[in-house]
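Everything on this sheet refers to the single structure shown next.
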Amino acid sequence: ITPNRQVLLIKGHDRDNPEYAWWFTVGGGKENNENIVDCAVRELFEETGIKINENKLYAPLIIRDGKFEFTNKTVYQKEYIYLALLHEKVVATNINFTENEKKLIDKVCWWDIDELVEISNKNCKFNIYPRALPGILQRIFDEYPLNLDENMHALGTWHINEFTNEIKYTGINNFIA
């Protein structure tokens, strides 16, 4: 994210159903002996060309037990979504895409968080995962409009369980869920 209320998202599609597309956060599976933080740093570089140090990740903003349809299968996964505060909008590139990512990722771009909230609330055909992401990001910026950088460590974690449709918040300090 940037202090100007922007979030970097990826648009992808299902190779077996190209009409089905969705927006999602940067990420992917862990490689052998890789911890979750190292995976997040690597995936950010692979999918956007943005290189950051692991101490720039605020962990984890969201833990999601999710399921989705992909390539005619139901996929179940546990996701750990970290936040990195970049002080300016960095141009994202696809030069480090894997062969599979080149086939399935359509776009990497910055979204204005308020616009993202508005579109996701109005448009039932707008797919974003996790679905609660726009509202969570809007809430963070509304709570810390001027000093987000100083309060990143105090954000807490949202636990999203898409099997039970529950969202729980584990708060830290003064952030109110």
Side-chain angles (χ1 to χ4, degrees), residues 1-113 115-116 119-120 126-134 136-137 140-141 148-149 152-153 155 157-160 162:
I1 62 173
T2 70
N4 295 328
R5 299 176 73 97
Q6 297 167 319
V7 60
L8 187 63
L9 295 175
I10 296 173
K11 182 180 181 187
H13 67 274
D14 188 326
R15 73 168 178 250
D16 292 341
N17 181 6
E19 298 298 313
Y20 178 56
W22 61 94
W23 290 92
F24 57 97
T25 59
V26 172
K30 292 190 322 177
E31 294 182 351
N32 295 339
N33 299 323
E34 186 176 49
N35 66 43
I36 296 169
V37 173
D38 290 341
C39 175
V41 170
R42 177 184 50 77
E43 288 288 345
L44 180 64
F45 181 67
E46 283 180 7
E47 294 180 355
T48 69
I50 298 171
K51 194 158 184 83
I52 64 167
N53 189 301
E54 66 182 46
N55 65 3
K56 294 293 184 186
L57 290 179
Y58 296 92
L61 178 67
I62 296 171
I63 298 174
R64 175 181 173 242
D65 291 306
K67 68 177 181 176
F68 55 93
E69 299 299 318
F70 186 66
T71 64
N72 292 317
K73 296 177 194 153
T74 300
V75 178
Y76 301 91
Q77 69 184 27
K78 185 172 210 84
E79 298 172 343
Y80 296 84
I81 299 173
Y82 290 80
L83 208 56
L85 181 63
L86 304 176
H87 290 285
E88 60 185 31
K89 189 166 71 171
V90 178
V91 175
T93 68
N94 64 357
I95 59 171
N96 299 307
F97 277 4
T98 64
E99 288 305 312
N100 198 40
E101 290 166 343
K102 288 176 185 175
K103 295 174 188 171
L104 301 174
I105 293 177
D106 302 317
K107 187 185 279 190
V108 179
C109 70
W110 290 94
W111 276 84
D112 175 83
I113 290 169
E115 179 184 3
L116 190 64
I119 289 173
S120 65
F126 182 81
N127 297 310
I128 184 167
Y129 297 100
R131 289 180 188 96
L133 181 66
I136 289 171
L137 293 174
I140 289 169
F141 278 99
L148 184 59
D149 200 16
M152 291 289 282
H153 64 281
L155 295 180
T157 301
W158 277 264
H159 301 266
I160 300 172
E162 291 186 349

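Predicted model, so just to flag it, every value in this text is computed and none were measured. Heavy-atom basis, side chains included; hydrogens, waters and symmetry copies ignored.
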Output, in order, the C-alpha distance, side-chain angles, deciding distance and verdict of side-chain contact (heavy atoms from CB on, under 4.5 Å) for Leu133 and Leu9. CA-CA 11 Å; Leu133 181 66; Leu9 295 175; 3.9 Å; yes

What's the verdict on side-chain contact (heavy atoms from CB on, under 4.5 Å) for Leu86 and Leu8, showing C-alpha distance, side-chain angles and the deciding distance? CA-CA 10 Å; Leu86 304 176; Leu8 187 63; 6.0 Å; no

With side-chain contact (heavy atoms from CB on, under 4.5 Å) as the test, would you mind laying out the steps for Tyr82 and Leu44 before giving the verdict? CA-CA 11 Å; Tyr82 290 80; Leu44 180 64; over 6 Å; no

What verdict does the side-chain contact (heavy atoms from CB on, under 4.5 Å) test give for Tyr58 and Leu155, after you've listed the backbone C-alpha separation in whole Å, the side-chain angles of each residue and the deciding distance to 0.1 Å? CA-CA 9 Å; Tyr58 296 92; Leu155 295 180; 5.6 Å; no

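Expressed to the nearest 0.5 Å, how far OG1 of Thr98 lies from CD1 of Ile105 amounts to 7.0 Å. To the nearest 0.5 Å, the span separating CD on Glu88 from CG on Asn4 amounts to 10.0 Å. To the nearest 0.5 Å, the span separating CD on Glu115 from CZ on Arg5 amounts to 12.5 Å. The structure places CD of Glu46 at 6.0 Å from CD of Glu101, a figure rounded to the nearest 0.5 Å. If you take CD1 on Ile160 and CG on Asp65, they are separated by 9.5 Å, rounding to the nearest 0.5 Å. Taking CG from Leu61 and OG1 from Thr157, the interatomic distance works out to 7.0 Å, rounded to the nearest 0.5 Å.
Ile128 and Pro134 get closest at one heavy-atom pair: CD1-CG, 3.9 Å. Nearest heavy-atom pair, Lys67 versus Thr74, reported as atom, atom and distance to 0.1 Å: CB-CG2, 4.5 Å. Of all the heavy atoms in Asp106 and His13, the pair that sits closest is OD1-ND1, 2.8 Å. Residues Arg64 and Tyr129 approach most closely at NH2-CD2, 3.7 Å, considering heavy atoms. Contact record, Phe24 with Gly12: CE2-N, 3.6 Å, taken as the closest heavy-atom pair. The two residues Pro130 and Ile62 come nearest to each other via the heavy atoms CG-CD1, 4.0 Å.
When atom types are taken as modelled, the side chain of Glu54 and the backbone of Asp38 share no donor-acceptor pair closer than 3.5 angstrom. Remark: side-chain polar atoms of Asn53 are not paired, donor with acceptor, to backbone N or O of Lys56 under 3.5 angstrom. Side-chain atoms of Thr48 never come within 3.5 Å of backbone atoms of Ala92 as a donor-acceptor pair (strictly under, hydrogens ignored). With Asp14 contributing its side chain and Tyr20 its backbone, the two residues share no donor-acceptor pair below 3.5 Å. With Trp110 contributing its side chain and Val90 its backbone, the two residues share a donor-acceptor pair below 3.5 Å.
Lys103 has its side chain out of reach of Arg15: every pair of non-hydrogen atoms, C-beta onward, lies at least 4.5 Å apart. Between Cys39 and Glu31, every side-chain heavy-atom pair lies at or beyond the 4.5 Å cut-off. The shortest side-chain heavy-atom distance between Val26 and Val108 does not fall under the 4.5 Å cut-off.
Below 30°, between 30° and 60°, or above 60°: for Trp23 and Phe126 the angle between ring planes is below 30°, a parallel geometry.
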